[in-house]
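Chain naming here is simple, since letters A, B, ... match the order of the sequence lines and numbering starts at 1 in each. Because the structure is a prediction, the values reported are computed rather than measured.
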Protein chains: 2
Amino acid sequence: MPDPSLGVLLFLPYRHLEQRVLDAVVGAGYPITLAQARVFQRVDPGGSRLTDLAAAAQVTKQTAGFLVDQLVEGGYVERVRDTTDARARLVRITRRGHDAIDVARAVQDEIEGEWRDHLGAEAFERLRADLLRLREITDPWA
Amino acid sequence: MPDPSLGVLLFLPYRHLEQRVLDAVVGAGYPITLAQARVFQRVDPGGSRLTDLAAAAQVTKQTAGFLVDQLVEGGYVERVRDTTDARARLVRITRRGHDAIDVARAVQDEIEGEWRDHLGAEAFERLRADLLRLREITDPWA
DNA sequence: ACACTTTAGTCAGATTATCTGACCATTTCG
DNA sequence: CGAAATGGTCAGATAATCTGACTAAAGTGT
């Protein structure tokens with residue numbers, strides 16, 4: 001396959017990372033699906049509203065609600081009252097959720113280390129910086 | 001959101017690109033779903049076996065077969081005999097499929113142009129080169 | 001203060017994508 | 001040749017996602 005598109009080039013390492021992190025988290029005793037993890041990843045440390053989660057994960061609020069229900073079931077998050085708005089509730093990360101995040105972060109650091117070794121520290125930091133700049137024009141939330 | 005992970009940083013532009021390309025292709029009169037497109041994207045110009053498509057797209061061959069059926073239905077690909085192996089068939093891109101690809105490629109070029117403008121030509125080429133190197137250790141097919 | 005509009009979230013039902021397991025036909029290899 | 005591997009399909013189950021309709025609370029303008 002000659003000259004893969006930038007889209008594919010972005011996707012390949014993304015999927016590699018995602019899959020390895022997911023495998024590690026599940027393997028460490030935190031069963032979770034990919035779809036659940038994609039929402040979980042977006043939960044703000046201070047708690048998130050369902051609507052915001054849905055927007056960030058680019059799914060409907062129904063889908064987000066469905067997945068949050070499962071995350072609650074798994075013990076990773078809890079729903080608490082939003083004292084500032086009686087319609088809303090906040091999705092908040094539990095202790096167990098934080099434990100799972102710790103596992104994820106460790107694997108992520110490990111993988112980033114591999115990438116740094118392969119590219120060289122300079123190129124690695126450059127890559128990160130370039131991606132951050134790209135985010136400015138590709139992330140509606142940035 | 002401070003300091004997003006590299007995973008997220010890779011994902012954001014990827015999704016942006018994918019969504020815009022998909023919207024354009026569908027808008028140009030080539031209805032296709034995301035899942036179908038992800039398989040379609042992997043069809044080799046010379047034709048691909050289902051098993052290879054499945055591996056490249058990281059789905060089971062049943063799923064790949066299901067999606068290829070729909071691509072055939074949409075007129076984007078056809079299944080032809082593989083003269084070298086009577087068990088196999090080749091998935092081959094049709095004329096209509098190539099037309100759809102032309103639309104996709106045009107949008108993709110447009111987006112890459114935007115990125116190049118934003119990052120500067122030098123950084124853009126660097127990014128592409130770094131991602132190519134990253135592919136060496138993240139793509140089982142490279 | 002009251003009607004109107006917007007926002008947060010849920011309920012119900014349908015569709016799409018995906019998997020596992022079992023199976024058949026053909027090819028490859030000892 | 002016979003056993004094992006390979007390419008693919010069939011059947012059935014589950015996961016993820018959507019659209020549409022709805023309730024309740026908040027915000028807005030006169």
Side-chain angles (χ1 to χ4, degrees), chain A residues 11 15 18-19 22-23 25-26 30-44 46-74 76-92 141, chain B residues 11 15 18-19 22-23 25-26 30-44 46-74 76-92 141:
Chain A
F11 181 59
R15 186 180 56 189
E18 180 178 66
Q19 195 58 57
L22 186 68
D23 288 349
V25 170
V26 171
Y30 301 98
I32 191 173
T33 69
L34 193 51
Q36 288 163 21
R38 282 179 179 157
V39 167
F40 184 46
Q41 197 177 18
R42 301 303 190 122
V43 179
D44 191 86
S48 297
R49 292 199 180 166
L50 189 60
T51 303
D52 295 334
L53 278 182
Q58 303 254 80
V59 294
T60 60
K61 49 190 183 171
Q62 291 91 326
T63 298
F66 173 78
L67 293 168
V68 167
D69 283 346
Q70 295 173 261
L71 288 169
V72 170
E73 185 76 19
Y76 303 110
V77 301
E78 58 189 349
R79 292 181 198 259
V80 300
R81 283 193 322 148
D82 183 335
T83 51
T84 72
D85 188 334
R87 293 169 303 177
R89 282 144 84 199
L90 288 178
V91 175
R92 205 163 51 183
W141 294 79
Chain B
F11 181 61
R15 186 180 56 187
E18 179 176 67
Q19 196 58 56
L22 187 68
D23 288 348
V25 170
V26 171
Y30 301 99
I32 192 173
T33 69
L34 193 51
Q36 288 163 24
R38 282 178 178 158
V39 167
F40 185 45
Q41 198 177 20
R42 301 303 191 123
V43 179
D44 191 87
S48 296
R49 292 199 180 164
L50 189 61
T51 304
D52 295 334
L53 279 182
Q58 305 255 77
V59 295
T60 61
K61 47 190 183 173
Q62 291 92 325
T63 298
F66 173 78
L67 294 168
V68 166
D69 283 346
Q70 295 171 265
L71 289 169
V72 169
E73 185 76 19
Y76 303 111
V77 301
E78 56 189 350
R79 293 182 199 259
V80 300
R81 283 193 321 150
D82 183 335
T83 52
T84 73
D85 189 333
R87 291 169 303 179
R89 282 144 84 200
L90 287 178
V91 175
R92 204 162 53 181
W141 294 79

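- Listed pair B:Thr63 / C:dC19 meets the phosphate criterion, a side-chain N or O lying under 4.0 Å from OP1 or OP2.
- Side-chain N/O atoms of A:Arg79 include one lying less than 4.0 angstrom from OP1 or OP2 on C:dT10.
- Counting any heavy atom pair closer than 4.0 Å across all strands shown, A:Asp82 reaches no nucleic acid atom.
- You'll find a donor-acceptor pair under 3.5 Å spanning the side chain of B:Gln62 and the base of C:dG21, going by distance alone.
- If you find the closest nucleotide of DNA chain C to B:Asp85 and to B:Lys61, the one lying nearer the 5' end belongs to B:Lys61.
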Step-by-step side-chain contact (heavy atoms from CB on, under 4.5 Å) determination, A:Phe40 to A:Gln36 | CA-CA 6 Å; A:Phe40 184 46; A:Gln36 288 163 21; 5.9 Å; no

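- Note on B:Thr33: every side-chain N or O is 4.0 Å or more away from OP1 and OP2 of C:dT16.
- For DNA chain D, the span of nucleotides reached by chain A at under 4.0 Å from its heavy atoms goes, 5' to 3', from D:dA16 to D:dA26.
- Rounding to whole angstrom units, CZ of residue B:Arg81 and P of C:dA25 are separated by 18 Å.
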Please walk me through it: do A:Lys61 and A:Asp52 pass salt bridge (Lys or Arg N to Asp or Glu O under 4.0 Å)?
-> CA-CA 9 Å; A:Lys61 49 190 183 171; A:Asp52 295 334; over 6 Å; no

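- At distances below 3.5 Å, at least one donor-acceptor pair connects side-chain atoms of B:Ser48 with backbone N or O atoms of B:Asp44.
- Distance B:Gln36 CD to C:dT18 C1': 14 Å, rounded to the nearest Å.
- Residues B:Leu71 and B:Ile32 meet the side-chain proximity criterion, which asks for heavy atoms closer than 4.5 Å.
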What do the steps show when you test B:Arg92 against B:Val80 for side-chain contact (heavy atoms from CB on, under 4.5 Å), and what is the final call?
-> CA-CA 7 Å; B:Arg92 204 162 53 181; B:Val80 300; 3.5 Å; yes

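- In terms of heavy atoms, A:Tyr30 sits closest to A:Tyr76 at C-OH, 3.0 Å.
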